[in-house]
Amino acid sequence: TYISILMINCFIFQDGSRRCKERKKTVSFSSMPTEKKISSASDCINSMVDGSELRKVRSNSRVYHRYFLLDADMQSLRWEPSKKESDKAKIDVKSIKEVRTGKNTDTFRTNGNSDQISEDCAFSIIYGENYESLDLVANSADVANIWVTGLRYLISYGKHTLNMIQSSQDNMRASWLGDLFDEADVIGGKCISLCSAVQLIKKLSPGLKNVKIELKFKELHKVKDKIGSDVTKEEFIEVFHDLCTRPEIYFLLVQFSSNKEFLDTKDLMIFLEAEQGMAKVSEDISVEIIQKYEPSKEGQLKGWLSLDGFINYLMSADCHIFDPEQKIVCQDMNQPLSHYYINSSHNTYLIEDQFRGPSDITGYIRALKMGCRSVELDVWDGPDNEPVIYTGHTMTSHIVFRSVIDIINKYAFVASEFPLILCLENHCSLMQQKVMFQHLKKILGDKIHADPPNLEDNYLPSPSDLKGKILLKGKKLASNCTGSEGEVTDEDEGAEMSQRMNNEGGEQQTVVQPKKFQLSKDLSDLVTLCKSVRFKDFQTAFQNQKHWELCSFNEVFASRCATDHPGDFVNYNKKFLARVYPSPMRIDSSNMNPQDFWKCGCQIVAMNYQTPGLMMDLNIGWFRQNGNCGYVLRPAIMREQVSYFSANTKDSVPGVSPQLLHIKIISGQNLPKPKGSGAKGDVVDPYVYVEIHGIPADCAEQRTKTIHQNGDNPIFDESFEFQINLPELAMVRFVVLDDDYIGDEFIGQYTIPFECIQPGFRHIPLQSLTGEVLPHAWLFVHVAITNRRGGGKPHKRGLSVRKGKKGREYATMRILFIKAIDEVFKSAAQPLREATDLRENMQGAGHCDTLQMSCHQTVTVTAQMLITCPFLPCSQMIQTSRTLLESSDSVYERILQVQKSAMEFHENLHDMGVKEGLKGRKLHKSVESFTWNITILKVITAETLSGRLTPVKNSAPIGDDDLHIFYHKKI
């Protein structure tokens, strides 16, 4: 940059060529990945001796670019150029009291440009008898970490620093790698072949390319002017150090180690509890992790986790971002079928486009193996009296109906034991309908659910009730039909598509009207819980539709319903199943956005499984939860009979506490070149998008900077924050792209439901465009999830800000303009205010002032404990908490009473509104306000109840131990 060039010239003028050379090295270090990987405190010290460009910050908004370096004797820290005399432009290491990370001094707080300074790049040196501060900003988080780590070691050990740190880490790594080398050196010649050395490092770090490892050895030999290609033990260790060290994980390790180059069992316990959110951490768990992941024998014997062991642990399945509890069925599977999202496929038999593409049974195999629970069969008359499956009125190829039923029988319950829905579009003659019936009965037999619906029930059976059963969705004869056949209305998606194609080609064609066709009673009787009916409007459906009847919505019509009647659509789906299928305009088999219809509560959103991309990423990612069983319980606010939710809400959801998602993209590993990219070499310029998908209020995206020419271990170090208003429906998608691409920019992605994210330091496995896992390609991230009132990044976690009463947001009741009901809701005003005050005061009771280190002997672990555990129990806090918890009983009872009294009016709500003169839109608004108020009361009641440790009646006195346990759970 211009500034760097200017300073080089300045050094030439003042100090001669030697300093100019050092400065040039610094420019290289700060602008490009460092050649020497940082993996120990000695690396940090050596880097400090070489020096770095840092920005010196003053409170008057001035920022000075200076070149800082540590004297070779490690006694003084100097900076150049400076107007001060050389003896004054320095700090004695012995005078340093503390090194603070982040913008945590008065100078940073009062500097006018503080908002433009990255928290990760800022640090302060507190020194002298008057505790003065030298406030600095590095060019990157890595450079800041080097100085913070090195200075903290110098503070603790002084001139003995190098002696203290030379042994532990390097010896553990050297002894482990030495043992591996000796095993490979079978002839005892103290060297191994280049090929053997490459394969050994490849085994230890599978993501590295053979060519890169071999090139590193050859470069080392060239520097040493070595003849021959054999590799010595020292060369092997040096190349491993250069290629396999991850500085970002080293800096994480030293944050939690008590000034050591490893984590002992107690250090690891603090890391697991404070960062990874692990409950009930014990020393035995730490020992177990060390024994499992520490590669060196010394570390295993002494209970030490080295850098290499720490890397192994963080890259293991134990630190995957996906919550392992969600890898099995973990949701309540005993609710009505209409309360679940169901993994669904459209035109399952197609493997390419909708109009000319081939049909193949592999489409069914793929969908069923992926956990799909609703597949489509478009059946037509075929040759030799054998029905066939294809898209009618198109040029798609045919497959025999019987072979598809055989495949369904084989794979129906391989991925999930819960019910499979066969969406049967029957266009066959009566003769071939009989053949269809025979194949279904003979092949599927008792798997077909044949019990008629219970007319007294108002809801469908649950997935648990229907385990191992196949449900047929299709047309059904009227109950009063006594013959062996009857007339029904045909459903023909193919005819609609054909009409669209012909119209686009300029042919005039009249609108295809639904036609009648003859339906066999045998086939009709196989349809029990999923009878296909045409949708007219919501009012008609609420009055006439039976719970076992299912409507199919064209994507375009469903979008119109979501826009014009968002509340009605959600309420409709509380009781009835709704299937949404792609628009006939999607001839290329492109996919609609499933979130557009999930937010309305639509259960069966049929996707074109053969077409990869963003929309299928969302579908696959969403159904990865709950054991990938194909059923996901919808948000509570979409299931409860009396609750308010609008699909198009662009604000917070009533009764749902928004969550703050803090994501730091730290680094990437082994990022491949985009598959469709042209010939530009294997180097990529990666950057990362973080996308939030959900209700309109939640949709957002942010991107990192581009890291040029580094796909092996790019360091991003960028943090983002998102507010999630409906966590139960939100998804997070990580996308890695190439900024310098030819033809294709997509490197990889991973999509995960918000509810499945594990907090802490996590690795994310990247997937290809078609959903396969990319070998050894990862993102390394830090995740923190808190409520809107506080917490988040490590330096903020748990420090809830106590709001004054004037700043508090109190829940209010909407007016219905129905006098009797409004009087009931009016009585809730005071207890609602008290409940809000209780909640805020309860959080305030556990809050303590931010504690800062003021003694240079304070080690990093102590700082981490202060940062991550701000809920420090004390007698005053316990007494305040006891008072608050006991007073919550009264508030809880009063709000509950209002809720019960209001619900007594629910069944007669419509008639009461009419009597008050409400009609049309005003009556609809009144009903909506009622559900809004009930939703608020339910949530406030639940929050008040969650703040109580014991039941209201016959409650025992609240003891200090109970409160300590309570606070541990809150933390």
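If you read the sequence from its start, that first residue is 1, and numbering goes on from there.
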Using every non-hydrogen atom in the two residues, find where [X] and [Y] come nearest and quote the distance to one decimal.
| X | Y | answer |
| --- | --- | --- |
| N458 | K575 | O-CE, 3.1 Å |
| M607 | M592 | CE-O, 3.6 Å |
| L477 | L519 | CD1-O, 3.8 Å |
| S374 | C423 | OG-SG, 3.5 Å |
| S657 | P727 | O-CG, 4.4 Å |
| W598 | L618 | CH2-O, 4.0 Å |

Given the side-chain rings of [X] and [Y], with only the six-membered ring counted for Trp, is the space between their centroids under 6.0 Å?
| X | Y | result |
| --- | --- | --- |
| Y581 | F597 | no |
| F569 | F538 | yes |
| F930 | F825 | yes |

Donor-acceptor contact below 3.5 Å, side chain [X] vs main chain [Y]:
| X | Y | result |
| --- | --- | --- |
| S929 | K925 | yes |
| R639 | Q335 | no |
| N908 | D911 | no |
| D465 | S462 | yes |
| K476 | S524 | yes |
| E721 | H662 | no |
| T540 | K536 | no |
| N573 | C600 | yes |
| E834 | V891 | no |
| E555 | S583 | yes |

Does any part of the side chain of [Y], heavy atoms only, come nearer than 4.5 Å to the side chain of [X], both counted from C-beta?
| X | Y | result |
| --- | --- | --- |
| L337 | P419 | yes |
| L729 | D698 | no |
| R733 | D617 | yes |
| Q659 | F722 | no |
| D451 | T528 | no |
| M813 | L937 | yes |
| F418 | L466 | no |
| P463 | Y340 | yes |

Exercise for the section: Show your working on side chain to side chain contact (heavy atoms under 4.5 Å, CB included) between Y341 and I604 and close with a plain yes or no. Expected result: CA-CA 6 Å; Y341 296 114; I604 305 174; over 6 Å; no
Rounded to the nearest 0.5 Å, what separation is found between the [atom1] atom of [X] and the [atom2] atom of [Y]?
| X | Y | atom1 | atom2 | value |
| --- | --- | --- | --- | --- |
| N571 | F576 | CG | CZ | 11.0 Å |
| N619 | T751 | CG | OG1 | 10.5 Å |
| L909 | E904 | CG | CD | 13.5 Å |
| L529 | E549 | CG | CD | 12.0 Å |
| K546 | L460 | NZ | CG | 13.5 Å |
| F645 | T649 | CZ | OG1 | 6.5 Å |

Between the side chains of [Y] and [X], is the shortest nitrogen-to-carboxylate-oxygen separation below 4.0 Å, so that they form an ion pair?
| X | Y | answer |
| --- | --- | --- |
| K516 | E487 | no |
| D822 | K826 | no |
| E640 | K574 | no |
| R579 | E376 | yes |

Exercise for the section: Dump the intermediate steps for side chain to side chain contact (heavy atoms under 4.5 Å, CB included) on N593 and D596, then the final yes or no. Expected result: CA-CA 6 Å; N593 187 342; D596 290 344; 3.5 Å; yes
Is it the case that more than 12 heavy atoms not belonging to [X] sit under 6.0 Å from its [atom1] atom?
| X | atom1 | result |
| --- | --- | --- |
| E325 | CD | no |
| Q543 | CD | yes |
| Q641 | CD | no |

Problem - Audit row: S464, N334, side chain to side chain donor-acceptor pair (under 3.5 Å) steps and yes/no - result: CA-CA 6 Å; S464 288; N334 296 306; 3.2 Å; yes
Practice task
Any chance you could lay out the side chain to side chain contact (heavy atoms under 4.5 Å, CB included) test for E916 and S926, step after step, and finish with the verdict?
Solution key: CA-CA 11 Å; E916 293 282 353; S926 181; over 6 Å; no
Problem - Test side chain to side chain donor-acceptor pair (under 3.5 Å) applied to N608 and N347, step by step - result: CA-CA 7 Å; N608 290 312; N347 286 359; 5.5 Å; no
Handout entry: E728: partners by side chain to side chain contact (heavy atoms under 4.5 Å, CB included), with sequence neighbours left out
Key =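 For E728, the residues satisfying side chain to side chain contact (heavy atoms under 4.5 Å, CB included) (neighbours in sequence not counted) are P635, E755.
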Practice task
Report yes or no: do Q331 and Y631 form a side-chain donor-acceptor pair below 3.5 Å?
Solution key: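 Note: Q331 and Y631 side chains miss the donor-acceptor criterion.
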Practice task
Apply side chain to side chain contact (heavy atoms under 4.5 Å, CB included) to I620 and R624, showing your working.
Solution key: CA-CA 6 Å; I620 293 169; R624 192 177 279 126; 3.9 Å; yes
